[in-house]
Amino acid sequence: MTEVKPQCIPYGRHQIDDEDVAAVVDVLRSDWLTTGPAVRKLESHLADVAGADEAVALNSGSAALHAAMAACGIDPGDEVIVPAITFASTANAILHRAGVPVFADIDADTLLIDCNRIDACITPKTRAIICVDYAGQPCDYRELQEIAKHHNIPLVADACHSLGGSYNDQPVGGLADITTFSFHPVKVITTGEGGAITTNNGDWARSARSFRNHGLNLDHSERHSQQTYHYDMVDLGFNYRLSDIGCALGLSQLTKLSAFVDQRRILASEYHRLLADVPGIEPLARRTDRSSAWHLFVVRVQNDAGKTRDQVFAEMRKQGIGVNVHYLPVYLHQYYRQTLGFKKGLCPVAEAMYEQILSLPLFPSLQLSDVHYVVDCLKRALNSK
């Protein structure tokens with residue numbers, strides 16, 4: 001048995017090196033801390049990585065989702081389909097446009113949106129579909145695009161987990177009509193806080209750039225280059241700008257994207273090997289036509305485990321393992337229940353899976369020995385009295 005380690009191992013952790021620090025310091029010593037050249041450079045590099053024509057940097061993944069809803073023209077009363085298992089901001093972005101989230105159930109094996117459930121959710125008021133690349137595994141984009149095109153509505157990808165992943169050898173970022181990313185510290189790369197959208201639609205990209213800057217037609221650097229003081233507010237926007245400081249960090253991190261994802265895949269493979277003979281523990285299914293970015297390593301604590309998920313969670317935390325749960329079905333949050341009137345029973349698969357899922361630690365600096373230790377702790381948690 002591996003000896004118990006005294007430190008806590010979190011479920012996720014950022015990885016910053018001297019190159020990242022130097023990139024940030026260079027910007028701090030420059031003339032531009034916001035709306036400057038680092039923003040454009042990050043956008044250009046991200047578009048290349050994502051295989052998209054345009055990228056727009058924003059100050060969070062949530063801001064990116066909000067900007068995507070605005071670009072798609074979601075208006076009050078419009079319905080948008082969204083999977084039940086995701087972080088709340090995916091559905092919140094719809095509410096921020098006074099739209100109506102319509103929750104679709106998920107596939108029990110992958111926790112991705114169940115494409116077979118989407119048609120039943122579509123009404124004359126449906127204006128978009130949001131899919132979520134849960135844990136880093138891309139959705140079935142071929143099937144989703146067929147559904148979206150059949151109903152003449154845009155497909156929005158919440159790829160906040162999946163930068164660096166691919167579907168049929170095509171990178172995440174150009175697979176949907178508009179894609180959103182998050183650069184939170186536990187994501188594949190980080191800007192501290194930050195996010196972005198990618199799209200091939202130039203009008204949508206221009207909309208997002210205005211939306212992130214109070215709805216103005218020109219930002220400060222554009223006015224500087226055009227030698228003008230004049231600007232006009234053409235729409236109601238927000239201050240969703242990502243600073244040059246964050247973009248410099250993101251640029252440096254983006255050069256390490258492949259290395260980060262490769263290391264996550266090595267660690268995930270070791271988890272799969274070690275968990276193959278652990279009764280009652282089932283990792284999420286992997287689809288052969290896609291490559292995950294492995295933002296999360298999620299297992300299901302099944303009925304034959306001898307312990308509930310909550311019991312295993314508590315035992316693992318006692319042993320210093322920062323396991324987590326991703327996520328409560330969005331409509332079961334207090335705001336959705338008490339203010340919007342959602343009730344339990346809407347998406348039975350999502351509700352059943354929520355009671356089972358557990359996220360194990362996974363991040364690039366995690367060592368293979370740490371993976372062994374985590375699995376040993378999991379076995380102890382399952383067998384504890």
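Residue indices begin at 1 and follow the sequence shown.
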Any Lys/Arg nitrogen of Glu315 or Lys307 sitting under 4.0 Å from an Asp/Glu carboxylate oxygen of the other?
-> no
After noting the C-alpha distance and the side-chain angles of Ile9 and Tyr373, does the key distance pass the side-chain contact (heavy atoms from CB on, under 4.5 Å) rule?
-> CA-CA 10 Å; Ile9 300 177; Tyr373 174 62; 3.7 Å; yes
SG of Cys347 to CD1 of Ile106: how many Å apart, nearest 0.5 Å?
-> 8.5 Å
Say you draw a straight line from OG1 of Thr191 to CD of Gln253; how long is it, rounded to the nearest 0.5 Å?
-> 8.5 Å
Are more than 12 heavy atoms from other residues, nucleotides or ligands located less than 6.0 Å from atom CG of Asn303?
-> no
Just by modelled atom types, is the Gly237 backbone N or O under 3.5 Å from a matching donor or acceptor in the Asp235 side chain?
-> no
Should the ring pair Phe103 and Phe342 be called parallel, tilted or perpendicular, given that the plane angle runs from 0 to 90° and is split at 30 and 60?
-> perpendicular
So, for Thr180 and Ala68, which heavy atoms are closest and what is the spacing to 0.1 Å?
-> CG2-CB, 3.9 Å
Take atom CG of Asp277 as the centre, draw a 6.0 Å sphere, and report whether it contains more than 12 heavy atoms from other residues, nucleotides or ligands.
-> yes
Between Arg287 and Asp140, is there a side-chain N and carboxylate O pair less than 4.0 Å apart?
-> no
Considering only NZ, NE, NH1 and NH2 on the basic side and carboxylate oxygens on the acidic side, decide whether Glu43 and Arg209 come within less than 4.0 Å.
-> yes
All heavy atoms of Gln263 vs all of Leu366, minimum pair found to be NE2-O, 3.9 Å
Report yes if some heavy atom in the side chain of Met69 is under 4.5 Å from a heavy atom in the side chain of Val156; otherwise report no.
-> yes
Just wondering, do Trp32 and Val39 contact through their side chains at under 4.5 Å, heavy atoms?
-> no
For the residue pair Tyr327 and Tyr134, does the interplanar ring angle fall in the parallel (under 30°), tilted (30 to 60°) or perpendicular (over 60°) class?
-> perpendicular
Other residues, nucleotides, ligands: >12 heavy atoms within 6.0 Å of Arg337 CZ = yes
Please assess Leu112 against Cys131 for the test side-chain contact (heavy atoms from CB on, under 4.5 Å), listing each intermediate value before the final yes or no.
-> CA-CA 8 Å; Leu112 300 173; Cys131 62; over 6 Å; no
With a 4.5 Å limit on heavy-atom distance, are the side chains of Ile81 and Ile153 in contact?
-> no
Distance, nearest 0.5 Å, that separates CG of Asp119 from CZ of Arg117 | 13.0 Å
When you measure from the side chain of Asp78 to the backbone N and O of Val100, does any donor-acceptor pair fall under 3.5 Å?
-> no
Any side-chain donor paired with an acceptor under 3.5 Å for Gln367 and His372?
-> no
Can you get from Leu236 to Leu216 by hopping between Ile, Leu, Val, Met, Phe, Trp and Tyr side chains that sit under 4.5 Å apart?
-> yes
Does the Ser291 side chain pair with the main chain of Gly165, one donor and one acceptor, at a distance under 3.5 Å?
-> no
Tell me, yes or no, whether the heavy-atom count around Gln226 atom CD, taken from other residues, nucleotides or ligands under 6.0 Å, exceeds 12.
-> yes
So how far is it from His14 NE2 to Leu249 CG, rounded to the nearest 0.5 Å?
-> 9.5 Å
Main-chain N/O of Ala285 paired to Gln137 side chain as donor or acceptor, under 3.5 Å = yes
More than 12 foreign heavy atoms under 6.0 Å from OH of Tyr231: is that the case here?
-> no
Measure the SG-CZ distance between Cys8 and Arg317 for me, rounded to the nearest 0.5 Å.
-> 7.0 Å
Under 4.5 Å between any side-chain heavy atoms of Cys115 and Ile147, yes or no?
-> yes
No-hydrogen, no-angle side-chain donor-acceptor test under 3.5 Å, Glu79 and Thr123 | yes
Would you find a donor on one side and an acceptor on the other, under 3.5 Å apart, between the side chain of Asp48 and the backbone of His45?
-> no
Honestly curious: do Val172 and Ile129 fall in one hydrophobic cluster under the side-chain, below-4.5 Å linking rule?
-> yes
Can Asp219 and Arg40 be counted as an ion pair, charged N to O under 4.0 angstrom?
-> yes
Which heavy atom of Thr179 sits nearest a heavy atom of Ala159, and at what distance?
-> CG2-CB, 3.5 Å
Would you check if the side chain of Ser182 reaches a backbone N or O of Gly195 as a donor-acceptor pair within less than 3.5 Å?
-> no
Ser30 (side chain) donor-acceptor with Val27 (main chain) under 3.5 angstrom | yes
Within 6.0 angstrom of Asp169 CG, more than 12 heavy atoms from elsewhere | no
For the residue pair Gly51 and Asn200, what are the closest heavy atoms and their distance?
-> O-OD1, 4.4 Å
Would you say Arg309's side chain and Tyr354's backbone share a donor-acceptor pair under 3.5 angstrom?
-> yes
Close side-chain approach of Glu19 and Lys256, heavy atoms under 4.5 Å = yes
Is there a donor-acceptor contact under 3.5 Å linking the side chains of Asn92 and Tyr336?
-> yes
Quick one: are Leu340 and Tyr331 in side-chain contact, heavy atoms under 4.5 Å?
-> no
For residues His326 and Ser359, is any side-chain donor paired with an opposing acceptor at under 3.5 Å?
-> yes
Check whether Ile281 and Phe313 end up in the same hydrophobic cluster, where Ile, Leu, Val, Met, Phe, Trp and Tyr are linked by side-chain heavy atoms less than 4.5 Å apart.
-> yes
What distance separates Asp26 CG from Asp244 CG, expressed to the nearest 0.5 Å?
-> 12.0 Å
Is Val301 linked to Val374 within one hydrophobic cluster, defined over Ile, Leu, Val, Met, Phe, Trp and Tyr using a side-chain heavy-atom separation of less than 4.5 Å?
-> yes
Polar side chain donor-acceptor pair, Glu54 to Asn201, under 3.5 angstrom = no
How close do Pro10 and Phe363 get, heavy atom to heavy atom, and via which atoms?
-> O-CE2, 3.2 Å
State whether a side-chain donor-acceptor pair under 3.5 Å links Arg264 with Ser292.
-> no
Using the six-membered ring wherever Trp is involved, compare the ring planes of His96 and His66 and label them parallel, tilted or perpendicular (cut-offs 30° and 60°).
-> tilted
Give the intermediate values and the outcome of side-chain contact (heavy atoms from CB on, under 4.5 Å) for residues Leu144 and Leu175.
-> CA-CA 10 Å; Leu144 287 164; Leu175 298 167; over 6 Å; no
Check: Asn168 main-chain N/O paired with Tyr141 side-chain donor or acceptor under 3.5 Å | no
Can you find a pair of side-chain heavy atoms, one from Thr199 and one from Asp53, that are under 4.5 Å apart?
-> no
Quick one: do Ile245 and Val24 satisfy side-chain contact (heavy atoms from CB on, under 4.5 Å)? Show the steps, please.
-> CA-CA 6 Å; Ile245 301 167; Val24 170; 3.7 Å; yes
Is there a path from Ile85 to Tyr11 through hydrophobic residues (I, L, V, M, F, W, Y) whose side chains come within less than 4.5 Å of each other?
-> yes
Which residue, Val375, Leu378, Ile266, Val299, forms the side chain to side chain contact (heavy atoms under 4.5 Å, CB included) with Tyr271?
-> Val375
Going by heavy atoms in the side chains, are Leu46 and Phe183 under 4.5 Å from each other?
-> yes
How far apart are the closest heavy atoms of Pro348 and Gly345, and which atoms are they?
-> CD-O, 3.8 Å
Spell out, as yes or no, whether a donor-acceptor pair under 3.5 Å connects the side chain of Asp105 to the backbone of Ala350.
-> yes
